[in-house]
Each structure stands twice: as structure tokens, then as C-alpha cells.
Student: 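Below is one structure. I have some questions about it.
Positions are given from 1 along the sequence. Below, all heavy atoms of this structure are taken into account, side chains as well, without hydrogens, waters or symmetry copies.
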Amino acid sequence: MKVELTLVLKTTEKAYGALEEIKKAGFNATVMSSESLTHAVDYYPGEHHFINLRHIEEKQSLESVLCVFLVEEEHLNELKQVIRDCTKNFQELKGFMYSRPIDDYEGSI
């Protein structure tokens, strides 16, 4: 059975190092820049969209990186341990992860 593991990391230089370590361990994910609802609303009051040209022009990065992994259930604990190791149990690199089973999966990748 396939399992989805979602990982959110606070964007820092350490986050990119952690992603490199996860890749070296043989895992792949869809990775997206993201920000919390509070940050999106409070940081740009009055603006009603989540990304605009100012982000590009000012080279502002969003506050977190969201990773979605799809793995076979037997590899889930290994992936979790790699994440724990490279985040120092989310103490050195702030974030969180959660997983859930995928009941229905179709695709070629």
C-alpha cells in the first residue's frame, strides 16, 4: 500500500541541506514553497493573493517548504527516521510531518 508523508520545514539554509540528505537516502517528493495563513494575511494586509511579482522582484522567499512524499508502506519508517536525523527531531530545524494511507492510487510516476 502507498502512504503519503507530508513534511513542512521552516525555510532556512538547513532546510535545503535536509532535502539533500533525504534525496541521498533515495527518496523523492514534490516540493513547494509555502507560507502560513497568518503570515499571508498579516504580512501583506489588504492583498488578496498569495504570490505576486513583488515576491520575485524583491527575491522574498516564503516562510516554509512543503514536501509531499509517496512511498510504499514498508519504507515509511525509514523515511521518517531520515527526516528525524536531518532535523535533529525538529529541534535544530523547525517543522513537522504527518502521514496517511493512500486508499486509491493511479499514475505512472
Student: If you define the side chain from C-beta out and look only at heavy atoms, does anything of Leu76 sit under 4.5 Å from Leu5?
Tutor: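 With C-beta onward as the side chain, the pair touches.
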Student: Please tell me if the side chains of Phe90 and Leu9 come closer than 4.5 Å, counting only heavy atoms from C-beta onward.
Tutor: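 Side-chain contact under 4.5 Å: yes.
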Student: Under 4.5 Å between side-chain heavy atoms, counting indirect links through other Ile/Leu/Val/Met/Phe/Trp/Tyr residues: same cluster for Leu93 and Ile83 or not?
Tutor: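 Linked within one cluster.
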Student: Is there side-chain contact between Cys67 and Thr6, with at least one heavy-atom pair below 4.5 Å?
Tutor: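 Side-chain contact under 4.5 Å: no.
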Student: So which atom in Thr11 and which in Val65 form the shortest heavy-atom distance, rounded to 0.1 Å?
Tutor: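 Closest approach of Thr11 to Val65: OG1-N, 3.5 Å.
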Student: Give the intermediate values and the outcome of side chain to side chain donor-acceptor pair (under 3.5 Å) for residues Ser34 and Ser64.
Tutor: CA-CA 5 Å; Ser34 59; Ser64 59; 2.8 Å; yes
Student: Would you tabulate the side-chain donor-acceptor contacts of residues 95-109 under 3.5 Å, counting partners in other chains and residues two or more places apart, or write 'none'?
Tutor:
unit_1	atom_1	unit_2	atom_2	d
Arg100	NE	Glu4	OE1	3.4
Arg100	NH2	Glu4	OE1	3.4
Arg100	NH2	Glu4	OE2	3.4
Tyr105	OH	Ile109	O	2.4

Student: Does one hydrophobic cluster hold both Leu7 and Val3, with members joined at side-chain heavy-atom distances below 4.5 Å?
Tutor: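 Yes, it is one cluster - the side chains of Leu7 and Val3 are joined through contacts under 4.5 Å.
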Student: Salt bridge (charged side-chain N to carboxylate O under 4.0 Å, His left out): which pairs involve residues 69-87, sequence neighbours left out?
Tutor: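 For residues 69-87, and leaving out neighbouring residues, the salt bridge (charged side-chain N to carboxylate O under 4.0 Å, His left out) pairs sorted by first residue read Lys2-Glu72.
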Student: Going by side chain to side chain donor-acceptor pair (under 3.5 Å), name the pairs with one or both residues in residues 86-95, residues two or more places apart or in two chains.
Tutor: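 Counting only pairs at least two positions apart or across chains, no side chain to side chain donor-acceptor pair (under 3.5 Å) contact touches residues 86-95.
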Student: Restricting to pairs with a member in residues 18-27, which pass salt bridge (charged side-chain N to carboxylate O under 4.0 Å, His left out), not counting sequence neighbours?
Tutor: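 Passing the test, one end in residues 18-27: Glu21-Lys24.
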Student: Would a hydrophobic clustering, with Ile, Leu, Val, Met, Phe, Trp and Tyr connected at side-chain separations under 4.5 Å, put Met32 with Tyr16?
Tutor: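 No, Met32 and Tyr16 fall in different hydrophobic clusters.
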Student: Nearest heavy-atom pair of Phe27 and Val82: which atoms, and what distance?
Tutor: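 That would be CE1-CG2, 4.4 Å.
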Student: Please say yes or no: joined through hydrophobic side-chain contacts below 4.5 Å, possibly via intermediate residues, are Val31 and Leu79 part of one cluster?
Tutor: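 Same cluster.
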